[in-house]
Amino acid sequence: MPVLSGLVFGLVFGLAAMAPAMADASLSTVAERSGFQRTGRYGEVPALAAAFQARWPDRVRAFDFGTTPEGRPMQVLVVTATGAFDPAQARRRGLPVVLVQGGIHAGEIDGKDAGFLALRQVLEGQAARGAMDRLVWLFVPVFNVDGHERFGAWNRPNQRGPEEMGWRTTAQGYNLNRDYLKADSPEMQAMLRLVREWDPLAMVDLHATDGAQFEHDVSIQVEPLHAGDEALRTAGRAWRDGVIADLARQGSLPLDFYPSFVVEDDPASGFVDDVPPPRFSHGYFLLRNRLGMLVETHSWKPYPERVRITRNTIVSVLERMAAHGAQWRRLAEAADARAARLGGTASPLDWAATDRSRTIRFRGYAYTHTPSEVSGAPMTRYDESTPQLWRVPLRDQLAPSLVVAAPGAGYLVPPAWAARVRPLLETHGVIFQRLEAAWTQAPVAAFRADAARFAGSSSEGRQRLALDGSWRAETRDVGAGALYVPITQPLSRLVLALLEPQAPDSMAAWGAFNNAFERKEYMEDYVAEDVARQMLDADPALRARFQRRLAEDAAFAGDPAARLDFFYRRHSSWDERHGLYPVLRLEQPPPETAAAD
């Protein structure tokens with residue numbers, strides 16, 4: 001492709017000009033030395049980290065923050081000119097902490113190479129001058145380390161460069177950018193431990209897209225902006241808009257939404273904006289009252305261009321955090337205080353775009369949509385030599401699609417389920433108490449499922465579950481060892497996302513409590529026949545209800561199993577715990593005699 005070859009040459013030349021000749025080649029990446037045609041294996045990360053620390057010992061410290069299932073170290077570089085190389089110092093001095101992570105999808109490795117390039121330029125005073133005097137930068141070059149080492153030339157078939165790259169998922173098959181809330185993978189557990197320790201004000205997650213071909217080269221999405229704490233949304237918008245403006249001045253064509261068509265392979269269908277659920281990085285951090293940014297360079301742009309744009313994004317993030325981070329940190333701390341007062345208020349847990357749309361001008365290419373001689377299906381083909389301005393709809397007005405009233409006091413996890421719930425609460429840093437004494441006739445609200453729909457296939461190694469039902473006031477005996485999770489804490493939004501059964505990424509939604517919704521005991525049909533006759537003879541009102549149901553519900557009348565089940569559910573042998581969600585809500589805290597730290 002001659003046009004692309006010339007473009008790549010220009011981009012490599014531009015990157016070379018951006019990075020002056022170095023006295024110490026140990027500070028350059030394989031990517032830089034290859035003209036950004038290749039990316040290095042993971043061994044270069046600890047080598048580079050050690051070299052940067054040796055060259056700037058007063059500004060760089062490298063740490064292992066975890067170990068992968070295949071035994072590889074997960075490395076983070078702590079970069080600052082403030083001397084605050086541990087979380088306690090950063091907190092004591094009120095410094096904003098910025099976490100930048102590359103390689104969560106290790107085939108999309110732009111962030112590793114761009115991050116090391118930006119790091120050297122920052123430390124040499126070529127970029128973001130003075131920023132390190134006002135913040136702490138945590139740089140994780142590769143999050144999915146084992147996936148990075150599953151190296152191959154065709155691991156990203158929808159992407160232009162580098163020549164070889166890593167794999168999307170971990171060695172255990174986890175997609176880490178679906179794991180933030182459920183935290184199944186050892187890698188995510190290590191990352192969340194790092195997050196708990198450092199409490200970053202902002203997280204930046206560096207990706208490359210899949211999808212169609214068009215001129216736009218990067219998208220920037222930030223939360224809180226549509227969702228989360230309303231006052232903190234102002235900081236999210238200012239951060240997003242500032243980075244987009246910086247990128248535009250540097251020649252990029254940035255978008256503020258993810259460019260995925262509403263109808264796959266149909267550019268005319270346009271786009272829809274969204275609020276990411278908390279399985280995703282930037283959807284997770286809004287639950288912590290912190291800022292999350294998703295950066296997606298366009299996979300069809302050549303690798304040198306993608307690295308340049310990612311480098312520009314990192315530099316912009318550092319500059320804007322240095323300028324505004326102290327103010328935004330105060331906003332985040334105020335959001336923590338407001339979150340601790342969410343009890344009893346209406347809280348959105350899921351969002352969706354409305355049907356309203358506006359027409360946007362989108363810089364695409366001429367394309368055809370014709371039947372394929374290979375697959376036989378209609379196929380879109382793009383002509384990159386012919387830019388074309390598309391006028392397409394964008395649905396970017398969002399509204400809550402699931403709202404719950406937060407409990408007045410919090411949640412109660414009965415002892416039988418405490419061991420299932422407790423590790424996840426600890427992983428996220430959620431505050432909870434263990435009840436040391438039994439609580440008889442506890443006034444609670446219980447959620448009982450009217451319908452439970454198990455997914456037909458596995459997702460991330462789990463069988464997802466969707467529940468219909470409602471909370472109802474009950475009294476229940478709760479044994480010692482139950483967990484009380486108060487809503488009066490800064491992570492109240494995260495508590496709701498985990499423990500409300502209908503939340504999109506709750507423990508229930510990811511199948512953690514499926515046993516509670518599986519019917520295990522039953523009554524043989526010949527027994528149910530006799531029981532039903534006895535119940536009909538003993539209760540005229542029940543007989544009337546049964547006859548009315550037969551007359552009004554043809555499906556019920558024609559279903560022998562449903563007719564017998566009508567009686568079984570009203571019999572004393574029915575399992576009253578079937579369909580009972582194993583987490584309770586409280587409007588008042590437990591008695592002091594039961595609770596303990």
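We're numbering straight along the sequence, starting at 1.
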Subject >> Between Ser299 and Asn158: side-chain donor-acceptor atoms closer than 3.5 Å >> reply: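 The criterion, which ignores hydrogens and geometry beyond distance, is not satisfied for Asn158 and Ser299.
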**OP:** Would you check if there is a donor-acceptor pair between the side chains of Asp229 and Asn289 at a distance under 3.5 Å?
**Re:**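 Result is no, nothing qualifies.
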Original post:
Quick check: does any side chain N or O of Arg233 sit under 3.5 Å from a backbone N or O of His226, one acting as donor and the other as acceptor?
Top reply: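 Checking the backbone N and O of His226 against the side chain of Arg233, a donor-acceptor pair under 3.5 Å is found.
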Original post:
Is the Lys NZ or Arg CZ of Arg464 less than 6.0 Å from the centre of Trp510's six-membered ring, within 45° of the axis?
Top reply: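 Positive - Arg464 is close enough to the ring of Trp510 and near enough to its axis.
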Original post:
Considering residues at least two apart in sequence or located in another chain, which fulfil the side-chain hydrogen bond (donor to acceptor under 3.5 Å, both in side chains) criterion with Thr380?
Top reply: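 Only Asp265, His369 meet the side-chain hydrogen bond (donor to acceptor under 3.5 Å, both in side chains) criterion with Thr380.
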**OP:** For residues Phe139 and Phe116, establish whether the separation of their ring centroids is below 6.0 Å.
**Re:**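 They qualify: ring centres under 6.0 Å apart.
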Original post:
How about Tyr367 and Trp390: are their ring centres within less than 6.0 Å of each other?
Top reply: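 Yes - the distance between ring centres of Tyr367 and Trp390 falls below the 6.0 Å cut-off.
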Original post:
Does Glu108 come within less than 4.0 Å of Arg168, counting only side-chain N to carboxylate O?
Top reply: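 Yes.
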**OP:** Salt-bridge test for Glu164 and Arg38: reply yes if a basic N is under 4.0 Å from a carboxylate O, no otherwise.
**Re:**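 A salt bridge is absent here (no side-chain N lies under 4.0 Å from a carboxylate O).
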With sequence neighbours left out, write down each residue that passes ring pair (Phe, Tyr, Trp, His ring centres under 6.0 Å) with [X], or none if nothing qualifies.
X      : value
Phe513 : Trp417, Tyr581
Phe271 : Phe257, Phe261, Phe362
Phe143 : none

**OP:** Run through Glu149, Glu44, Lys112 and flag the one making a side-chain contact (heavy atoms from CB on, under 4.5 Å) with Val142.
**Re:**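 Only match with Val142 under side-chain contact (heavy atoms from CB on, under 4.5 Å): Lys112.
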Original post:
Which of these passes ring pair (Phe, Tyr, Trp, His ring centres under 6.0 Å) with His207: His282, His298, His105?
Top reply: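 Between His207 and the candidates, ring pair (Phe, Tyr, Trp, His ring centres under 6.0 Å) is satisfied uniquely by His105.
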Subject >> For Asp241, salt bridge (Lys or Arg N to Asp or Glu O under 4.0 Å) partners two or more places apart >> reply: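 Applying salt bridge (Lys or Arg N to Asp or Glu O under 4.0 Å) to Asp241 gives none.
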Subject >> With sequence neighbours excluded, residues passing salt bridge (Lys or Arg N to Asp or Glu O under 4.0 Å) with Asp110 >> reply: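 Salt bridge (Lys or Arg N to Asp or Glu O under 4.0 Å) list for Asp110, sorted by chain: Arg306.
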